[in-house]
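Structure first, commentary second.
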Amino acid sequence: MVRKITIKGVEKEFSVPAVTYVDKEQQPNNVVNLEFYYWFSKNGKRDIGEPPAILDSNLVEFSRVQIERFLQNKGYLKAKVADTIKVKKKKAELVFTAVEGPMFRIRKIQDSIADKKIRDLYMVNRPRFSHVQPGARFDMDSLAYDRDEFYLIMKRNGYFDFYRQYINYTYDSTFRSSVVDLKMIIDNPIGKQAHPIYTINNTLITVANSGGRIKGKEDTIQVDSQFRYVDFSHKFKPHTVIDYVFQRKGQLYDIDKQTLTTSRLSELNVFRNVPNPVYTKLSDSTNRLDSKIDIVPLKQMSDRVEGEVLFNSGQYGYNVGNTFTDRNLFRNAAILQIKLNWSVLFDNGSSATNPFGIENQDFRIGGNLIYPRIISPFDFPILGKYGVPHTTFSTNYQWFYQYGLVQRESFINSVTYDFAETALKTHSITPIDIEFSRGVINPAANQLLLSKNLYAYSYLIGRTIFTTGSQYTFQYNAAKLLNTYSNFTYFRGSLDVGGNTLALLSRIFNTPKDTLGEHTFAGLAFAQYAKGEVDLRIYRSLGGERQLIFRLNPGLGVPYGNSEDLIFEKNFYAGGANDMRAWLPRTLGPGQFNRATFYGPPGPAGMPSAGDSLRTKLKYLDQFGEVKLISNIEYRYKLADDFFGSILRGAVFVDAGNVWRLDKQPDDPNVQFKFNNILQSSAMDIGTGLRFDLSFFVFRLDAAFKFKDPQFNGSQQWVLIDHFNELFHSGPFKANYQATNSGDTYNFMQLNFGIGMPF
């Protein structure tokens with residue numbers, strides 16, 4: 001078996017890439033891939049893992065020649081490579097020793113371009129793309145790059161018939177001083193004095209039925225002087241397609257506009273197959289091109305059901321969702337989505353009043369109508385150069401129920417515009433967002449809250465309020481998040497402002513105040529607030545498919561004017577599979593909030609106290625804040641190329657952060673955000689995970705462990721260090737926690753299952 005490859009005599013810059021020129025079957029095995037092969041492949045009957053790299057002297061010789069050619073292409077024109085095979089205990093080491101010789105540099109560059117127009121085009125553009133300069137190393141890869149770049153320039157300027165083979169290089173390396181004289185040659189077509197330049201003429205667009213067939217006889221519509229349109233599916237208006245054809249009559253043929261047309265028509269998400277346009281030269285001497293675009297639509301209707309199940313320390317629940325999609329409403333590629341989601345969490349039996357009953361449930365139904373253009377009272381151009389713009393009309397209803405505490409319902413209606421400023425910058429603007437929310441508290445629970453002086457909780461979850469607002473989101477480098485291992489920075493910033501229009505109207509019309517002294521509009525109190533959030537990620541490649549990611553996710557919400565508190569739904573929460581992974585959602589913070597201390601000691605055995613009851617009723621609702629600061633560091637690496645049809649990747653991570661209250665709370669001062677107390681009041685977890693990459697989606701499994709828990713004080717916060725022996729077993733720490741928290745258990749580890757990367 002080949003277990004090692006050694007490259008000698010090669011400059012450090014080229015020693016690593018030189019290894020890649022060794023034949024794939026002679027590359028040492030990844031240990032994990034090899035073990036998977038032994039365990040699961042049944043001697044190659046299944047395509048799992050990778051077979052052992054068995055020494056083959058013919059492939060070693062082939063690899064030697066490839067490395068030698070690689071060095072010669074990099075300017076070492078006299079390079080020679082020898083190979084040696086060392087075998088010990090059936091393990092082979094391949095040693096490739098190079099004698100590079102002198103490195104050749106370019107002394108001068110000449111060109112021979114017969115067509116004057118092309119020479120002018122080359123001279124104008126050469127400084128923008130060329131990697132070949134006098135004094136630089138003679139590099140065949142740089143010559144190939146220059147040829148490809150100028151080929152594209154020709155294709156952008158009307159030269160439809162131009163091919164890469166017209167561009168050739170000759171060089172003279174017979175000089176003794178290790179220099180090369182280079183000449184670039186662009187030939188004319190045989191029998192012609194110049195390369196022809198083509199312009200666009202007429203365009204025929206044909207839409208097949210969803211099965212890809214063209215049946216029957218359909219009328220061809222002459223839309224304008226350029227476009228003819230025939231639709232065998234009877235589903236699309238002509239301008240649905242024509243608006244995203246960027247090659248216009250009379251323009252020079254441009255390969256970029258051809259690609260742009262194909263990309264944007266595909267992004268409409270209503271077509272299954274959008275090939276490149278087919279061009280036909282007119283038989284006259286006008287150098288014009290007729291184009292034909294053949295499109296196959298997707299099925300118009302689809303329905304998707306999704307679900308997940310949660311198990312945690314005896315608690316269990318499920319989440320079921322259904323999404324119905326009509327991809328071509330009104331025959332103009334408008335997409336209608338109707339979504340339903342129902343999630344239920346069952347009690348683990350610890351509550352005497354509700355054993356194994358529903359602890360909480362959340363039902364949501366909503367509809368989105370998405371147009372592939374900007375719809376407004378103003379005349380906007382088709383902003384399709386960098387992506388298809390969208391206008392989304394959205395309406396949503398949510399009903400939330402917490403056993404023995406509250407029923408909340410909310411209505412949200414909005415209009416949102418999404419568009420791309422450049423290939424890297426995208427904007428999302430919601431000029432109008434109308435939200436109405438109402439809570440109905442269980443009378444007994446409300447009395448209990450008031451008796452414990454928790455009026456703020458009663459007010460927060462039981463108030464009826466509405467507001468109108470606006471949101472804006474900016475993203476940078478979002479496109480690079482998809483399977484990219486380069487170095488880049490991703491940024492997402494959002495701003496949500498509400499209530500200012502209603503505040504202005506209430507002053508103009510001098511509307512009355514309610515019993516709490518808040519201004520009303522249409523008889524209801526309204527909220528004023530500003531909320532901002534940032535998601536900053538730095539991705540660094542460590543070679544191959546290894547990557548280090550640092551993420552910082554701060555947020556701040558500020559009530560003002562007509563509000564002293566944020567709307568319940570606008571607060572920040574911590575925990576879950578995408579930030580603090582060792583905590584369940586809504587179970588961390590704010591600050592050093594400790595539920596056992598806050599609600600008081602439990603009652604005698606079999607006789608729950610008022611604090612016990614509140615502790616149970618407010619679970620998942622009392623740990624929120626107006627300030628959020630989450631940070632994550634994750635190292636990602638590849639484990640195996642083929643694990644039951646997926647690429648298996650691993651991850652190691654550290655999460656740190658929390659949420660805090662903005663103002664000091666009289667009932668619990670330890671929850672307020674203070675710069676001098678960030679470290680003391682922050683949580684930390686560590687963990688590892690697996691990612692099963694199936695190309696069309698990634699299935700993720702993370703195991704996270706609480707390392708530092710801010711609900712405790714001083715050195716007691718380092719729970720994993722102090723109580724490592726109780727990681728998977730019961731002990732005095734877990735027993736004391738359960739006794740002081742009304743039967744709730746303390747879990748060091750949290751498993752998270754998910755689709756896609758956490759960030």
Side-chain angles (χ1 to χ4, degrees), residues 240 243-244 264 267-270 304 321 323-330 332-341 364-398 410-437 466-479 481 490-502 526-535 553 555 557 566-567 569-572 578 756:
T240 301
D243 285 348
Y244 287 101
R264 296 302 168 261
E267 286 176 24
L268 289 175
N269 199 29
V270 295
R304 185 178 74 247
T323 302
F324 167 80
T325 303
D326 183 334
R327 289 190 176 86
N328 189 32
L329 198 67
F330 310 130
N332 61 2
I335 295 176
L336 173 67
Q337 288 184 333
I338 299 176
K339 297 183 178 183
L340 293 91
N341 186 272
R364 305 183 186 203
I365 181 170
N368 295 323
L369 181 58
I370 307 168
Y371 284 91
R373 57 188 57 84
I374 300 297
I375 297 177
S376 77
F378 310 102
D379 186 17
F380 278 91
I382 299 294
L383 305 173
K385 183 177 181 180
Y386 300 104
V388 174
H390 294 99
T391 302
T392 302
F393 298 93
S394 177
T395 182
N396 294 277
Y397 169 78
Q398 178 183 6
S410 61
F411 300 90
I412 303 175
N413 297 277
S414 64
V415 179
T416 301
Y417 300 110
D418 300 292
F419 62 93
E421 177 189 348
T422 69
L424 302 178
K425 300 177 183 178
T426 61
H427 303 267
S428 178
I429 302 173
T430 302
I432 181 167
D433 177 275
I434 303 173
E435 302 184 29
F436 171 86
S437 59
F466 85 106
T467 189
T468 61
S470 301
Q471 290 102 40
Y472 169 70
T473 299
F474 170 76
Q475 288 191 88
Y476 178 72
N477 269 342
L481 296 177
Y490 168 79
F491 176 86
R492 182 181 186 275
S494 62
L495 179 64
D496 182 357
V497 179
N500 294 332
T501 301
L502 293 177
F526 59 87
Q528 276 185 276
Y529 65 90
K531 178 182 177 182
E533 187 173 2
V534 167
D535 186 351
N553 181 208
L566 282 178
I567 303 174
E569 289 79 9
K570 297 292 182 181
N571 281 284
F572 293 106
N578 297 317

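- With hydrogens and angles disregarded, no donor-acceptor distance shorter than 3.5 Å links the side chain of Ser437 to the backbone of Ser410.
- Scored by the side chain to side chain donor-acceptor pair (under 3.5 Å) test, Gln337 finds no partners at all (sequence neighbours excluded).
- For Asp326, the side chain to side chain donor-acceptor pair (under 3.5 Å) test picks out Gln300, with sequence neighbours left out.
- Side-chain contact of Asn368 with Thr392: a donor-acceptor pair under 3.5 Å is absent, judged by distance alone.
- Residues Tyr244 and Pro372 share a closest heavy-atom pair of OH-O, 2.5 Å.
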Ile335 and His390: CA distance, side-chain angles, deciding distance, side-chain contact (heavy atoms from CB on, under 4.5 Å) verdict: CA-CA 10 Å; Ile335 295 176; His390 294 99; over 6 Å; no
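- Rounded to the nearest 0.5 angstrom, Ile365 CD1 and Ile338 CD1 are separated by 7.5 Å.
- Taking all atoms of both residues into account, the shortest heavy-atom contact from Gly387 to Ala420 is N-CB, 4.3 Å.
- In terms of the side chain to side chain donor-acceptor pair (under 3.5 Å) criterion, residue partners of Tyr490 (sequence neighbours excluded) are, by chain and number, Gln475.
- Summarising the geometry, atom CG belonging to Asn477 is positioned 5.0 Å from atom CG belonging to Leu424; distances are rounded to the nearest 0.5 Å.
- Of all non-hydrogen atoms in Ile375 and Tyr417, the two that sit nearest each other are O-OH, 2.7 Å.
- Of the possible polar contacts, one joining the Asn328 side chain to the Ala333 backbone as a donor-acceptor pair under 3.5 Å is found.
- In this structure Arg264 satisfies the salt bridge (Lys or Arg N to Asp or Glu O under 4.0 Å) test together with Glu267, sequence neighbours excluded.
- A 4.5 Å side-chain heavy-atom check between Arg327 and Leu336 finds every atom pair outside the cut-off.
- Residues forming a side chain to side chain donor-acceptor pair (under 3.5 Å) with Glu533 (at least two apart in sequence, or on another chain): Asn553, Lys628.
- A cation-pi geometry, defined here as NZ or CZ lying under 6.0 Å from the six-membered ring centre and within 45° of its normal, holds between Lys531 and Phe572.
- The closest side-chain heavy-atom distance from Gln528 to Asn500 is below 4.5 Å.
- Looking at Asp496 and Ser494, their side chains never bring a donor and an acceptor atom within 3.5 Å of each other.
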Can you list, pair by pair, the side-chain donor-acceptor contacts under 3.5 Å of residues 427-436, counting residues two or more places apart and other chains?
{"residue": "His427", "atom": "ND1", "partner": "Tyr472", "partner atom": "OH", "Å": "2.7"}
{"residue": "His427", "atom": "NE2", "partner": "Glu421", "partner atom": "OE1", "Å": "2.8"}
{"residue": "Ser428", "atom": "OG", "partner": "Asp418", "partner atom": "OD1", "Å": "2.7"}
{"residue": "Thr430", "atom": "OG1", "partner": "Thr416", "partner atom": "OG1", "Å": "2.8"}
{"residue": "Glu435", "atom": "OE2", "partner": "Lys570", "partner atom": "NZ", "Å": "3.0"}

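- The shortest non-hydrogen separation linking Phe526 to Gly499 is CE1-O, 3.9 Å.
- By the 4.5 Å heavy-atom criterion applied to side chains, Lys425 and Phe474 are counted as neighbours.
- One distance of note links CZ of Phe466 with CZ of Phe411; it measures 14.0 Å at 0.5 Å rounding.
- Between the Asn571 side chain and the Ile567 main chain, a donor and an acceptor come within less than 3.5 Å of each other.
- Of all heavy-atom pairs between Thr467 and Ala527, the closest is OG1-O, 2.8 Å.
- Residues Thr391 and Ile370 fail the side-chain proximity criterion, which asks for heavy atoms closer than 4.5 Å.
- When side chains are defined from C-beta on, Val497 does not count as touching Ser470, because their heavy atoms never get closer than 4.5 Å.
- Between Thr426 and Tyr476 there is no side-chain heavy-atom pair separated by less than 4.5 Å.
- When all heavy atoms of Ala423 and Tyr386 are compared, the closest pair comes out as N-CD2, 3.2 Å.
- You'll find the side chain of Thr395 stays beyond 4.5 Å of the side chain of Ile412, heavy atoms only.
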